[in-house]
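Start at 1 with the first residue, then count along the sequence. All values derive from a computational prediction rather than experimental measurement.
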Amino acid sequence: MTTTITTIAVISILFALPVSATSSAVKSKSISAAKTMWDQSSALSQLKSKETAENQLTGLTREQVKAQKIAQDLVTINKPKAASRIDHSFTIFQGYAQLIEDYDEDGFFQTFSVTFDADVYSYDYINAANVYAELYLSKNGGDWIHYYTTEDFVIYGEDQDDEYEVYTTLNQGYVPEYYDVLIDLYEVGYPGVVATYSSDNTNELYALPLESTDYDPNYVEVVYESESHGHGGSIYTLLALLASIAFIRVKNTTHKSKYRE
């Protein structure tokens, strides 16, 4: 008689070994667009399907990023600019973060979003500008470490409908800790920061409980099947076997009593 025993176990799948958050180890996957272009579910779907693209700035400190931009601008100083500079000023009106995915439910999230509203003020009534942003994380007040460069996008005066949103999953190198966010805004074609917004401006970007996927594993249900032949593991098999032995003993005893008579 063959009995199949089915055992259900829950195991954790780790994508990578835990490492410290250093410039050579930090990895993240992000997507970004104007907030009006998607809802959270579609944004997360796009994020999960996105191939991880290497960004040469990822893992650098904020000071290293700023120095690199200035150096690149000096190399091209004798080349014509893409557009002539317009006399205007910039600000980031507001910014906030949302915590989205925490698979192991330990209070530290691997996926989060950052939304900000940048404004431009012009003295010639051309209230539009082509910009992009560099985003940074700081662990417990440490150095600002770069994790994402947005695409170029257009902002219009003080329009609230041009909010920009970045969805990010931290893949590797971010230990479970509290991280602050900083946003540096740049005008396309120019090396200097035109506006900055960070945890110094709002608590919405302060002390976010984050960790990368190597510390926040997926939990999956796996079914293991093993076979037992006659004497193996199931309590039901054991009870049936004991009942059979008792029945055989009763039959043998009855037979001997009749024989003695």
Side-chain angles (χ1 to χ4, degrees), residues 26-40 42-70 72-73 82-83 88-100 110-120 127-138 144-171 174 179-199 201-202 204-205 208 210:
V26 293
K27 295 181 181 179
S28 62
K29 181 166 62 176
S30 302
I31 57 171
S32 59
K35 189 174 180 180
T36 55
M37 291 182 61
W38 55 30
D39 58 19
Q40 181 170 295
S42 63
L44 290 177
S45 176
Q46 291 181 40
L47 176 62
K48 300 307 179 186
S49 63
K50 177 182 173 64
E51 293 293 332
T52 303
E54 292 296 329
N55 185 326
Q56 63 177 349
L57 300 179
T58 301
L60 298 183
T61 67
R62 185 184 182 216
E63 296 308 315
Q64 289 172 328
V65 171
K66 291 165 70 175
Q68 188 174 116
K69 290 181 183 294
I70 292 174
Q72 290 174 346
D73 189 63
H88 47 210
S89 59
F90 298 85
T91 187
I92 297 178
F93 175 68
Q94 68 173 356
Y96 58 91
Q98 297 181 80
L99 301 171
I100 300 172
Q110 64 165 268
T111 301
F112 67 103
S113 68
V114 171
T115 305
F116 59 96
D117 178 17
D119 295 332
V120 57
N127 290 329
N130 202 24
V131 298
Y132 69 96
E134 305 286 6
L135 274 64
Y136 301 85
L137 291 173
S138 170
W144 292 109
I145 303 299
H146 182 275
Y147 76 91
Y148 186 64
T149 301
T150 72
E151 295 84 359
D152 298 348
F153 60 99
V154 180
I155 56 175
Y156 302 94
E158 300 179 60
D159 191 350
Q160 295 182 357
D161 292 332
D162 59 5
E163 278 191 337
Y164 199 82
E165 193 164 35
V166 178
Y167 281 78
T168 298
T169 292
L170 302 176
N171 286 337
Y174 294 88
Y179 295 82
D180 301 341
V181 175
L182 181 142
I183 306 159
D184 274 341
L185 188 71
Y186 288 82
E187 185 176 11
V188 174
Y190 299 93
V193 177
V194 296
T196 296
Y197 199 80
S198 72
S199 53
N201 304 101
T202 176
E204 297 288 336
L205 299 178
L208 305 181
L210 302 175

Checklist entry - What do the steps show when you test Y174 against L210 for side chain to side chain contact (heavy atoms under 4.5 Å, CB included), and what is the final call? => result CA-CA 7 Å; Y174 294 88; L210 302 175; 6.0 Å; no
Any donor-acceptor N or O pair under 3.5 Å, side chains [X], [Y]:
{"X": "T149", "Y": "E134", "answer": "yes"}
{"X": "H146", "Y": "Q64", "answer": "no"}
{"X": "S32", "Y": "T150", "answer": "no"}
{"X": "E163", "Y": "T115", "answer": "no"}
{"X": "D184", "Y": "T196", "answer": "yes"}

Closest non-hydrogen atom pair between [X] and [Y], with its separation:
{"X": "N130", "Y": "F153", "value": "OD1-O, 3.3 Å"}
{"X": "F112", "Y": "I100", "value": "C-CD1, 3.9 Å"}
{"X": "A133", "Y": "I183", "value": "CB-CG2, 4.0 Å"}
{"X": "I31", "Y": "A43", "value": "CD1-O, 3.1 Å"}
{"X": "Q46", "Y": "S49", "value": "O-OG, 3.1 Å"}
{"X": "G95", "Y": "L205", "value": "O-CG, 4.1 Å"}

Checklist entry - Under the side chain to side chain contact (heavy atoms under 4.5 Å, CB included) criterion, do T61 and I145 qualify, and how do the steps go? => result CA-CA 5 Å; T61 67; I145 303 299; 4.0 Å; yes
Item to check | Under the side-chain hydrogen bond (donor to acceptor under 3.5 Å, both in side chains) test, residues paired with Y167 that sit two or more places apart | outcome: none
Would you check if [X] and [Y] make a side-chain contact, meaning some heavy-atom pair closer than 4.5 Å?
{"X": "T168", "Y": "S28", "result": "yes"}
{"X": "V131", "Y": "F90", "result": "yes"}
{"X": "L185", "Y": "I92", "result": "yes"}

Look up atom [atom1] in [X] and atom [atom2] in [Y], then write down how far apart they are to the nearest 0.5 Å.
{"X": "T111", "Y": "Q40", "atom1": "OG1", "atom2": "CD", "answer": "10.0 Å"}
{"X": "L135", "Y": "Y147", "atom1": "CG", "atom2": "OH", "answer": "4.0 Å"}
{"X": "E187", "Y": "S89", "atom1": "CD", "atom2": "OG", "answer": "11.0 Å"}
{"X": "D180", "Y": "L182", "atom1": "CG", "atom2": "CG", "answer": "9.5 Å"}
{"X": "S30", "Y": "L47", "atom1": "OG", "atom2": "CG", "answer": "7.0 Å"}
{"X": "W144", "Y": "Y179", "atom1": "CH2", "atom2": "OH", "answer": "12.5 Å"}

Would the distance check show the side chain of [X] and the main-chain N or O of [Y] forming a donor-acceptor pair, the cut-off being under 3.5 Å?
{"X": "D159", "Y": "Y156", "value": "no"}
{"X": "S42", "Y": "W38", "value": "no"}
{"X": "T202", "Y": "E204", "value": "yes"}

Item to check | E63 vs Q68, side chain to side chain contact (heavy atoms under 4.5 Å, CB included): CA-CA, chis, key distance, verdict | outcome: CA-CA 9 Å; E63 296 308 315; Q68 188 174 116; over 6 Å; no
Next on the checklist: One pair to check against side chain to side chain contact (heavy atoms under 4.5 Å, CB included): L137 and L170. What are the steps and the verdict?
Outcome noted: CA-CA 11 Å; L137 291 173; L170 302 176; 4.2 Å; yes
Checklist entry - Between Y164 and K35, is there a cation-pi geometry (under 6.0 Å to ring centre, at most 45° from the normal)? => result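 Negative - K35 is either too far from the ring of Y164 or too far off its axis.
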